[in-house]
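Order of the sequence lines fixes the chain letters, A, B, ..., with proteins taken first and strands second; residue numbering starts at 1 for each chain.
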Amino acid sequence: MTVPHPPFSPDEPLAYDPTAIESKWRARWLERGTHVTDLQGARPYYQLMMFPYPSAEGLHIGNLYAFTGNDIHGRFQRLQGHTVLEPLGYDAFGIHSENFALKVGVHPMELIPRNVANFRRQLDRAGLMVDWNRSVDTTDPSYYKWTQWVFLKLHERGLAYKKQAAVNWCPSCKTVLANEQVENGLCERCKTPVEQRQLEQWFFRITDYAERLLKNLDWIDWSESTRTAQRNWLGRSEGAELRFRVLDPLTDAGSAGVMVSQEVTSGAVVIPVFTTRPDTIFGATYLVLSPEHPALDKVTTSEQRTEVEAYRDAARLQDIVSRKVNKEKTGVFTGAYAVNPANGEMIPVWTADYVLMEYGTGAIMAVPGHDGRDFEFAQKFGLPIVRVVAAPGDTARTPLDACYEDDADGRLVNSEEFDGLAVGEAKARVTEWLTARGAAKPVTTFRLRDWCISRQRYWGPPIPIIYCEACGAVPVPERDLPVVLPNIPDYKPDDSGVSPLARHAAFYHVPCPTCGKPARRETDVSDTFLDSAWYFLRYPSVPRDDVPFDPEITKRWLPVSAYIGGNEHAVLHLLYARFINMVMFDAGLVPTEEPFLKFRAHGMIIRDGAKMSKSRGNVVNPDQYMDDWGADTVRTYLMFIGPYEEGGDFRDQSISGVRRFLDRLWASVRDATRDGAPDAEVMRKLHQTIRKVGADIAGLSYNTAIAAMMEYMNVLRRGERGSHVAEVEPLVVLAAPFAPHIAEELWEMLGHTSSIFDTHWPAVDEALARDDAFELVVQINGKTRGRVAVDREVTQDAALAAVQADAALAKFLTGPAKKVIFVPGRLLNIVL
RNA sequence: GCCCGGAUGGCGGAACUGGCAGACGCACGGGACUCAAAAUCCCGCGAGGGCAACCUCAUGUGGGUUCGAUCCCCACUCUGGGCACCA
């Protein structure tokens, strides 16, 4: 790592010395309580940043980028006269921490406080306006007591339930993995393909909220990319559920003329399928059941039983990678036939693993003519492919050498009375027709599934449930919270598929809260995402211990005014937080349905054109840079790199320009005089700058706000002219959100005794900001040829006259004007 | 495969709602100061042509709309990110 030496040597007299002034102001802020928020203060403004997972590596430059961007916005709002709450805490539970603890052989209860302390040290250096009186640590019993309470609230409202479900199991690490720890079907730690295991799990009914979660996306003020990601994740599909009757060989065999086993006595089995294309029903030439489909066993004929069971068992053991990624289609015929409800044709029933049990009904009608996957499957197994939609220019008999999936321009063919209908209309008409015949119903399906919150792990809040033989699953009474996570030495997960807590009778042997008989505690802990799904509700109410969030304070401080964070949390965290908040709203505990009316996703910082990673050796160590340049320079540089919502490339070489700006800011205040009057030209530029910087910060255009201040600095210091206090003092306020330490120091040098953050953002004097001189742009045939100095409110005729009077412009007027385009106050275009 | 971004000098990036392309910064070149160096200050800095005033070309590629396009439309190339057998 090469770091250019800072331009000023610290021992130069009267030079800007960030090390000295930054430690001075850290101490001063603490002593004065500058960052302590008065919760009763006027105009509350809740600035929220995503709390970090305190890794052993310490603060990442990406954390610093996120926090600085929030801090600037928060400080700016304070200067606008708001009472700003800008809290920060630690998201310290979870498998990341636990795995790291296992790796280094230090117990999480020892390791995590150490990491937290190191984070706190680094965060303190960054100059954040954080009110540490209102911090949270998710691993603190005083916090997770209420996480458990949140679980109980959901349980109380029927939104928590338990069922058998598949979990991700890493056979190498011998442990259950969270979904977020499976990357492309591989264990994030050891890259072993993940298997599925069936376990009893607690779920939250987030799917009950799918429609509301989707609908509100239309009006909340969020980054478009984040809203799109949530919409895709929710995955609403409108379509129909169609019913296919499987032929009963006893009653149907003769009439159907199909050889089916006499042993099959399934009776009238009906297979519902979900489709978004009911219009293609006449092209459905076979059915496919997922290998896990409960009816598979019932429909399979004895001839096919061995083969089907072998296929099903293979699928069950199969890892997720080979099942999901670009695999060639496989499948087995069940021996059964079903009736296509549209045309009465008999179609074979297959099972194949390209049909997922988790989505829709776990079965599909295959329309190989108009679905790529069905087409591939039908080709491989020689199943009939029928065209029922014709592209413009095609006829019913145009051969289908590839499937035709387009649903915008096609018209139905080979579909009896529906021939000729456009696809869109046909969807509705076919559904109506089949519904009338009892073979269909309109259905809306979501991709979203219920949220599995069980983790067979140690490092999390124990789920507050007690199992009693007599009373069943009994919630732990609120007065008994928290269920404290015991300090156990053997916290390593094992092959058994149960939590390490299940090895500790002292933990799980408890009396039933209802009947008092011996009972057993739930030994799973809850998902880390539950910890972070409600933390913003807790901050303002810290340190109250009798309620999770005080009703009065919550009403005053929620919803969050501005939330800025990484888009990697676009779906999981941000969706879970909306869900939990919505439940709390329904329970009358929070004032709004949506917790974050405004959310902005910031960009990502890369280094020298590449993603930062340890293996590349291009990780930026914030401590090092703050040592070399000072926190103010690092903060301002991070914001100057590029548009905040897009991120940018961190280059060592470029940081010096920002430091030079702060040096000049320092010098301009040090040398400023109160004698005489400020320069009118400079003051005009100043007021234009105040206007631009304010607008840019509000819109998170931090890079251009800094550029505007630099531009003003160039005017202010041109030719080393001495500056007037009136010219520099407002600039110090403009720079304060970015570089708070130097701003405080300069503010003090200017004779103020209270914090610069207790002052007000300078007002723009529009009269002063106005440019007297104005030049109208002149184009001839759309090409810019020059400018004429005229009055701003000049008329078209006067402007034309001015052009004719200007020799340099007049020479282009080689003929009569065919047309004149005049944009008042902007330009004149003469078309010859 | 699908969805969402992005492509502008040597580099990072500016440009209101379709109206002076290249703000600001870095790097680079020249000059002032200095015994010298650093720092600082000043000037220059898209390409080509011209002694010059100026002219021509230029915002990934090819078309289109418009008096006028970095901006809007169509097709394409490259690139970053997300989702991925979701019926």
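Counting only heavy atoms from C-beta on, Asp353(A) has its side chain closest to rC85(B) among rC24(B), rC85(B), rA87(B). For Ala707(A), the listed nucleotide lying nearest its side chain is rC24(B); candidates were rC24(B), rC26(B), rC85(B). For Leu827(A), the side-chain atoms get nearest to rG19(B) when compared with the rest of rC24(B), rA87(B), rG19(B).
For the pair Arg718(A) and Glu681(A), the salt-bridge criterion is not met [side-chain N within less than 4.0 Å of a carboxylate O]. Classification of Arg231(A) and Asp218(A) as a salt-bridged pair holds, one side-chain N sitting under 4.0 Å from a carboxylate O. By the 4.0 Å N-to-carboxylate-O rule, Glu241(A) lies too far from Arg243(A) to be salt-bridged with it. A salt bridge does not link Arg691(A) to Asp696(A): none of the charged side-chain nitrogens sits closer than 4.0 Å to a carboxylate oxygen. Taking 4.0 Å as the cut-off between side-chain N and carboxylate O, Arg607(A) and Asp652(A) count as a salt-bridged pair. At a threshold of 4.0 Å, the pair Glu328(A)-Lys380(A) counts as salt-bridged, since one of the basic side-chain nitrogens sits closer than that to a carboxylate oxygen.
For the C1' atoms, the distance linking rG30(B) with rC57(B) amounts to 28 Å, nearest Å. Here, rG25(B) and rC43(B) have their P atoms 12 Å apart, quoted to the whole Å. Nucleotides rG68(B) and rA14(B) are separated by 28 Å at their P atoms, to the nearest Å. Comparing the same atom, C1', in rC28(B) and in rG46(B) gives a spacing of 14 Å after rounding to whole Å. Separation of the P atoms belonging to rC4(B) and rC73(B) is 13 Å when rounded to the nearest angstrom. Here the separation of rC20(B) from rU70(B), taken at their C1' atoms, is 14 Å to the nearest Å. Across the P atoms, rG64(B) and rC16(B) are found 26 Å apart, a figure rounded to whole Å. Nucleotides rC41(B) and rG60(B) place their P atoms 35 Å apart, quoted to the nearest Å.
Taking Tyr576(A) as the reference, Trp451(A), Phe529(A) meet the ring-ring contact (aromatic ring centres under 6.0 Å, His included) condition, with sequence neighbours excluded. Annotation: ring-ring contact (aromatic ring centres under 6.0 Å, His included) contacts of His602(A) (sequence neighbours excluded): Tyr65(A), Tyr644(A). Legend: residues meeting ring-ring contact (aromatic ring centres under 6.0 Å, His included) with Phe650(A), ordered by chain and number and at least two apart, are Tyr625(A), Tyr637(A). Listed by chain and residue number, nothing satisfies the salt bridge (Lys or Arg N to Asp or Glu O under 4.0 Å) test with Asp797(A) (two or more places apart in sequence, or in another chain). With sequence neighbours left out, Phe381(A) forms a ring-ring contact (aromatic ring centres under 6.0 Å, His included) with Trp350(A), Phe377(A).
Within the 4.0 angstrom heavy-atom criterion, base atoms lie near Val777(A). Within 4.0 Å of Gln779(A), counting heavy atoms only, lies at least one base atom of the nucleic acid. Using a 4.0 Å heavy-atom criterion, one finds that Lys329(A) contacts the bases of the nucleic acid, with or without backbone contacts as well. Across all strands shown, Asp374(A) has no heavy atoms under 4.0 Å from either base or sugar-phosphate atoms.
Phe640(A) has its side chain out of reach of Ile655(A): every pair of non-hydrogen atoms, C-beta onward, lies at least 4.5 Å apart.
Between the CG atom of Leu356(A) and the P atom of rC85(B) there is a distance of 7 Å, rounded to whole Å. When the P atom of rA87(B) is taken as reference, atom NZ of Lys427(A) falls 11 Å away, rounded to whole Å. In this structure, Ile606(A) atom CD1 and rU79(B) atom P are separated by 15 Å, rounded to whole Å. Rounded to whole Å, the distance from CZ on Phe650(A) to P on rC26(B) is 15 Å. For the pair Tyr702(A) OH and rA23(B) C1', the computed distance is 21 Å after rounding to whole Å. The distance between atom CE of Met710(A) and atom P of rA14(B), rounded to the nearest whole Å, is 14 Å. Counting to the nearest Å, the P atom of rC83(B) and the CZ atom of Phe446(A) are 20 Å from each other.
Using modelled atom types, no side-chain atom of Thr431(A) and backbone atom of Ala240(A) make a donor-acceptor pair closer than 3.5 Å. For Gln230(A) (side chain) and Leu214(A) (main-chain N/O), no donor-acceptor pair under 3.5 Å exists by modelled atom type. Remark: side-chain polar atoms of Arg227(A) are paired, donor with acceptor, to backbone N or O of Leu217(A) under 3.5 angstrom. A distance-only check finds no donor-acceptor pair linking the side chain of Ser290(A) to the backbone of Leu356(A) [under 3.5 Å].
Between Arg785(A) and the phosphate of rC55(B), there is a side-chain N or O to OP1/OP2 separation shorter than 4.0 Å. Look at Asn703(A) and you'll find a side-chain N or O under 4.0 angstrom from OP1 or OP2 of rA14(B).
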What N/O pairs connect the protein and nucleotides 9-12 of chain B at under 3.5 Å? Give each pair on its own line.
unit_1  : atom_1 : unit_2    : atom_2 : d
rG12(B) : O2'    : Ile641(A) : O      : 3.0

Between the protein and nucleotides 15-18 of chain B, are there any N/O to N/O pairs under 3.5 Å, and if so, what are the atom names and distances?
unit_1  : atom_1 : unit_2    : atom_2 : d
rC16(B) : N3     : Arg826(A) : NH2    : 3.3

Distances under 3.5 Å between nitrogen or oxygen atoms of protein and nucleotides 42-48 of chain B:
unit_1  : atom_1 : unit_2    : atom_2 : d
rC42(B) : OP1    : Gly719(A) : N      : 3.2

Between the protein and nucleotides 1-7 of chain B, which nitrogen or oxygen pairs are less than 3.5 angstrom apart?
none

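Within the structure, every pair that satisfies the salt bridge (charged side-chain N to carboxylate O under 4.0 Å, His left out) test and touches residues 271-289 of chain A, not counting sequence neighbours, is listed here: Arg277(A)-Asp279(A).
For the segment residues 233-241 of chain A, residues with any heavy atom less than 4.0 angstrom from an atom of RNA chain B are, sorted by number, Ser237(A).
If Thr784(A) and Gly647(A) are placed on RNA chain B by their nearest nucleotide, the residue sitting closer to the 5' end is Gly647(A). Along RNA chain B, the nucleotide closest to Asn829(A) and the one closest to Glu711(A) are compared, and the more 5′ of them pairs with Glu711(A).
Taking the syn range as angles within 90° of 0, the glycosidic angle of rG9(B) is syn.
With pairs defined as Watson-Crick or G-U wobble and both atom distances under 3.5 Å, the stems of at least three pairs that touch RNA chain B come out as B:1-7 with B:77-83, B:10-12 with B:24-26, B:28-32 with B:40-44, B:46-49 with B:54-57, B:60-64 with B:72-76.
Between the side chains of Asn567(A) and Ser225(A), at least one donor N or O lies within less than 3.5 Å of an accepting N or O.
Both cation-pi conditions hold for Arg447(A) and Trp233(A): the charged atom is under 6.0 angstrom from the six-membered ring centre and inside a 45 degree cone around its axis.
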Start with the C-alpha distance between Asp353(A) and Arg312(A), add both sets of side-chain angles, then the distance that settles salt bridge (charged side-chain N to carboxylate O under 4.0 Å, His left out), and finish with yes or no.
-> CA-CA 9 Å; Asp353(A) 65 4; Arg312(A) 183 194 60 198; over 6 Å; no
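Residue Lys441(A) qualifies as open at atom NZ: its count of foreign heavy atoms under 6.0 Å is 12 or below.
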